[in-house]
Amino acid sequence: MSFSATKFAQPVPLHASTPRSNDTPSLFKTCSFLGSTQKLRFNPLPTKSHQSASYRRSAVVAVSDVVKEKKRQTSTNLLLTKEEGLELYEDMILGRSFEDMCAQMYYRGKMFGFVHLYNGQEAVSTGFIKLLKKEDSVVSTYRDHVHALSKGVPARAVMSELFGKTTGCCRGQGGSMHMFSKEHNLLGGFAFIGEGIPVATGAAFSSKYRREVLKEPGSDHVTCAFFGDGTCNNGQFFECLNMAALWKLPIIFVVENNLWAIGMSHLRSTSDPEIWKKGPAFGMPGVHVDGMDVLKVREVAKEAIGRARRGEGPTLVECETYRFRGHSLADPDELRDPGQYFTYYLFCIFQMINSLYNQCCMLITLFFHEFSSVYY
């Protein structure tokens, strides 16, 4: 699978007849994008006759369906192996269990300061970071615990940092919002909005300089910059997109769009809420993916990371996800619509049940196949 700016998000000409999303009052009635209570990611993939038009109008790209359309040349070309699947599952379970324990310690008065949990967004961290090499760099935000775990920082070191102990990954001086590990190339969590994006852009420039100027062997390192939807209204975001595209830097901009910037709805704070469209404006691919599905995230990440390693430049990936806790543990979470929360929560449960059902069907089919081969 490969994607480009023309395939996933073709820039609209200056005098195009296609209306802007904020010019059409019926956008949220027809679009399956963010937080729409009428159609929330359940619409089927468009037919081939309407693909070019629908990719321009709709933000949703069912990446796993696109992958399935490709005719695989060999039977070994699988989405992932059993070992890779177990690695993804274990990493997501570790992230969720770790964050739940953080909540327990905080409410018991054992942990202090601001603690921002990642519950619900684990598929984004796992889908991207587990495809990286140890030498690749990751830049995070204040919601950085799970990014550190996915990058390989020991859970004991992350938890010790949260308790302010000298055995923490920052010797107890960073705390919840400032995880850092030189050994694992985790360049830090940053508390200010958009603060980490220029750092990630600089890291990507360093990789390109070592590769093309210093001619260092094996210098194909890439950088992943994680940030939220609220950051995409910040000037640093646009400046770094411009520089990354201009210099074709090996960086992936990963937008963890959980629909809420603290208590401000993304749909109310952005003139065009489809963040992925901002990529083609700077000449880079823009992709929207279901951030609650680790396999879809992984497929997009695999291509984006591959493009960066091949020197083909940056990619903007918008992962639509949802956090199941408040902005921080000090947030009573009274501003979000409970219906929206339960929609995403039940959708996750539905996905889990559907996965178990498919596995049971496969096992039953294999059983009857073996049974018939023995007795008939």
Side-chain angles (χ1 to χ4, degrees), residues 63-64 78-108 110-111 115-134 136 138 140-163 168-169 176 179 181 184 186 189 224 226 254 256 258 289-302 319-326 328-329 341-360 362-363:
V63 175
S64 62
L78 302 175
L79 288 177
L80 74 168
T81 64
K82 176 182 177 181
E83 291 73 20
E84 290 171 340
L86 287 174
E87 181 185 28
L88 299 181
Y89 179 73
E90 290 173 358
D91 188 65
M92 294 177 68
I93 289 294
L94 173 62
R96 178 66 63 88
S97 302
F98 186 93
E99 297 293 68
D100 287 342
M101 183 55 66
C102 288
Q104 289 187 34
M105 294 297 102
Y106 183 89
Y107 290 132
R108 289 179 185 177
K110 304 294 185 181
M111 191 179 292
V115 180
H116 307 81
L117 300 188
Y118 202 73
N119 295 56
Q121 303 180 200
E122 295 87 357
V124 180
S125 175
T126 299
F128 273 92
I129 297 179
K130 283 304 175 183
L131 288 172
L132 299 177
K133 301 177 182 178
K134 185 177 181 180
D136 296 330
V138 168
S140 183
T141 63
Y142 47 76
R143 207 178 301 276
D144 57 354
H145 309 163
V146 178
H147 293 150
L149 296 174
S150 297
K151 197 62 174 71
V153 182
R156 184 180 294 273
V158 179
M159 187 63 79
S160 296
E161 185 64 33
L162 288 166
F163 279 99
C169 57
S176 172
M179 298 293 170
S181 175
H184 299 90
L186 176 66
C224 275
F226 293 88
V254 185
E256 298 177 313
N258 58 27
V289 66
D290 182 359
M292 308 297 280
D293 189 326
V294 68
L295 297 182
K296 291 181 180 179
V297 173
R298 180 182 170 86
E299 285 303 304
V300 170
K302 186 180 299 183
C319 302
E320 182 191 337
T321 182
Y322 201 78
R323 53 176 166 83
F324 293 146
R325 291 183 180 271
S328 71
L329 289 178
Y341 170 88
F342 284 110
T343 298
Y344 277 89
Y345 196 78
L346 292 175
F347 181 72
C348 288
I349 295 176
F350 171 79
Q351 282 187 317
M352 181 177 65
I353 295 174
N354 186 53
S355 176
L356 292 173
Y357 172 77
N358 291 334
Q359 292 178 22
C360 290
M362 182 180 65
L363 291 174

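Since we're looking at a predicted model, the values are computed, not measured. As a basis for the values below, the full set of heavy atoms in this structure was taken, side chains included, without hydrogen atoms, waters or symmetry mates.
- With sequence neighbours left out, Tyr106 forms a ring pair (Phe, Tyr, Trp, His ring centres under 6.0 Å) with no residue at all.
- The salt bridge (Lys or Arg N to Asp or Glu O under 4.0 Å) test applied to Arg323 returns no partner, not counting sequence neighbours.
- Applying the side chain to side chain contact (heavy atoms under 4.5 Å, CB included) test between Cys224 and each of Leu132, Leu131, Ile129 identifies Leu132 as the sole match.
- Residues forming a salt bridge (Lys or Arg N to Asp or Glu O under 4.0 Å) with Glu99 (at least two apart in sequence, or on another chain): none.
- Taking CG of Leu149 as the reference point, atom NE2 of His184 lies at 10.5 Å (rounded to 0.5 Å).
- The main-chain N or O of Arg325 is never found under 3.5 Å from a side-chain atom of Asn119 such that the two would form a donor-acceptor pair.
- Shown here are the side chain to side chain contact (heavy atoms under 4.5 Å, CB included) partners of Thr126, two or more places apart in sequence or in another chain: Leu88, Asp91, Met92, Lys130, Ser150, Val294.
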Go through the steps to decide whether Leu186 and Met179 satisfy the test side-chain contact (heavy atoms from CB on, under 4.5 Å), and finish with yes or no. CA-CA 8 Å; Leu186 176 66; Met179 298 293 170; 4.1 Å; yes
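- Under the rule for a ring pair (Phe, Tyr, Trp, His ring centres under 6.0 Å), the partners of Tyr118 that lie at least two apart in sequence or sit in another chain are His147.
- Although no hydrogens or angles enter the test, the distance criterion places no donor-acceptor pair under 3.5 Å between the side chain of Lys296 and the main chain of Val289.
- Counting heavy atoms from C-beta outward, Glu256 and Ser140 have side chains that stay 4.5 Å or more apart.
- Scanning all heavy atoms of the two residues, the minimum distance from Gly291 to Ala123 falls at O-CB, 3.4 Å.
- Ser181 and Val153 get closest at one heavy-atom pair: CB-CG2, 3.8 Å.
- Residues satisfying the salt bridge (Lys or Arg N to Asp or Glu O under 4.0 Å) criterion with Lys110, sequence neighbours excluded, are absent altogether.
- Between Glu299 and Lys302 a salt bridge is recorded (basic side-chain N to carboxylate O distance below 4.0 Å).
- Under the 4.5 Å side-chain criterion, counting only non-hydrogen atoms from C-beta, Asn258 is in contact with Gln121.
- Under the side chain to side chain contact (heavy atoms under 4.5 Å, CB included) criterion, Glu83 pairs with Thr81, not counting sequence neighbours.
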Step-by-step side-chain contact (heavy atoms from CB on, under 4.5 Å) determination, Phe226 to Val138: CA-CA 8 Å; Phe226 293 88; Val138 168; 3.9 Å; yes
Do Glu84 and Tyr89 pass the side-chain contact (heavy atoms from CB on, under 4.5 Å) test, and can you show the C-alpha distance, the side-chain angles, and the key distance before you say yes or no? CA-CA 9 Å; Glu84 290 171 340; Tyr89 179 73; over 6 Å; no
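- For the pair Met159/Met111, a side-chain contact is recorded, criterion being any heavy-atom separation below 4.5 Å from C-beta on.
- With sequence neighbours left out, Ser160 forms a side chain to side chain contact (heavy atoms under 4.5 Å, CB included) with Arg156, Lys165, Thr167.
- Distance check: Lys151 NZ to Asp136 CG gives 6.0 Å after rounding to the nearest 0.5 Å.
- A distance-only check finds no donor-acceptor pair linking the side chain of His116 to the backbone of Ser328 [under 3.5 Å].
- Ser176 is linked by a side chain to side chain contact (heavy atoms under 4.5 Å, CB included) to Val115, His145, Leu162, counting only residues two or more places apart in sequence or in another chain.
- Partner of Phe98 under the side chain to side chain contact (heavy atoms under 4.5 Å, CB included) criterion, out of Leu117, Ile93, Val158, Val146: Val158 alone.
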